[in-house]
Amino acid sequence: MRKPMIAGNWKMNQTPSQTVELIQQMQPLVEEACCEVVVCPTAACLFAAKSVLAGSNILLGAQNIYFEDAGAYTGEVAADTLLELGVQYVIIGHSERRQYFNETDETVNKKVRKALEKRLKPIVCVGEVLWQRELGITNEVVRMQTKLALAGISAGSMEDVVIAYEPVWAIGTGVTATAAQANDTIRQIRQTVAEIYSPEAAQKVRIQYGGSMNGGNAAELMAMSDIDGGLIGGASLKAEEFAKVVNY
Ligand code: PGA
């Protein structure tokens, strides 16, 4: 059985003191969760987050990583730094990074490889934009993104990989994919993993949904056969709302 995972992607929100406050508000509300609970503050707030997460069931994630170990890469953050900050998961290839920061399928793949080499667990984001859905090529798009992101990743490493299916038109818009749409596309992604690796690997890999998921629609989405969790943006910035998702 796949253990569901609800991860909060805080994006470029919260200062260090607000990070501490939000985690302290969330902690008592999510401590009974049956799923894995992850929060992903900005890199500059990870130290503050770590300071209040000892002994908590909330795990720490980062929003990005660089694919080199160290060196002259101004502004980037290395895997070793994340590890020392207590980070276990790292979001890679979020559509905002693809859209605004020139993230490509190639850099996504390099980052996934680096994360796995360092024993950080990547949350690999894939998803179509609106015109691609309207053109009927959603499956082709996510299949290609999945194959490129996982190129060169061994079957053995797949147990550390989480995939997040995030239709770009549903992110931050209040428009959620229907549970059936999300499940269908996630099944395609799972099928792609089966083709690359094996049916067993596909059955094991966790695939989240993301895009305007909140306390009101989490239960319906989570009831679907292939949806193993959520990557939550806006609704992860309020403790009560995030807890509703976590306790779907
Ligand atoms: P949203 O963001 O929940 O605000 O739509 C999800 C995401 O971008 O991961």
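Each ligand, and each atom within it, is numbered from 1 in the order the structure gives.
Near A170, the atoms of ligand 1 lying under 4.0 angstrom from a non-hydrogen atom of the residue are 5 (O). Those atoms of ligand 1 that come under 4.0 Å of a heavy atom in G211, given as number and element, are 5 (O). Close contacts of ligand 1 with G172, meaning ligand atoms under 4.0 Å from a residue heavy atom, involve 1 (P), 4 (O), 5 (O). Annotation for ligand 1: atoms under 4.0 Å from non-hydrogen atoms of H94 are 7 (C), 8 (O), 9 (O). Atom numbering of ligand 1 starts at 1 in the shown order; those under 4.0 Å from a heavy atom of L231 are 6 (C), 9 (O). Of all atoms in ligand 1, listed by their number and element, those nearer than 4.0 Å to a heavy atom of N9 are 9 (O).
In the model, E166 has a side-chain atom that pairs as donor or acceptor with a side-chain atom of H94 under 3.5 Å. Between the side chains of Q99 and S95, no donor-acceptor pair is found at a separation under 3.5 Å. For N9 and S236, the side-chain atoms include no donor-acceptor pair closer than 3.5 Å.
Atom 9 (O) of ligand 1 has E166 OE2, 2.6 Å as its closest protein atom, hydrogens excluded (heavy atom only). Looking only at protein heavy atoms, the nearest one to atom 3 (O) of ligand 1 is G233 N, 2.8 Å.
L59 places none of its side-chain heavy atoms less than 4.5 Å from the side chain of V37. At a threshold of 4.5 Å between non-hydrogen side-chain atoms, the residues T104 and N102 do not count as touching. Taking the side chain as every heavy atom from C-beta outward, M222 and I6 approach each other to under 4.5 Å.
Residue I232 has no N or O atom closer than 3.5 Å to an N or O atom of ligand 1. For ligand 1, the polar-atom distance check finds an N/O of G234 within less than 3.5 Å of one of the ligand's N/O atoms.
Of the charged side-chain nitrogens involved, at least one lies within less than 4.0 Å of a carboxylate oxygen, so that E128 and R133 count as a salt-bridged pair. The pair E140-R143 does not meet the salt-bridge criterion, since no charged nitrogen lies less than 4.0 angstrom from a carboxylate oxygen.
The closest approach between any non-hydrogen atom of S212 and ligand 1 is below 4.0 Å. Residue contacts with ligand 1 do not include A235, since none of its heavy atoms lies under 4.0 Å from the ligand.
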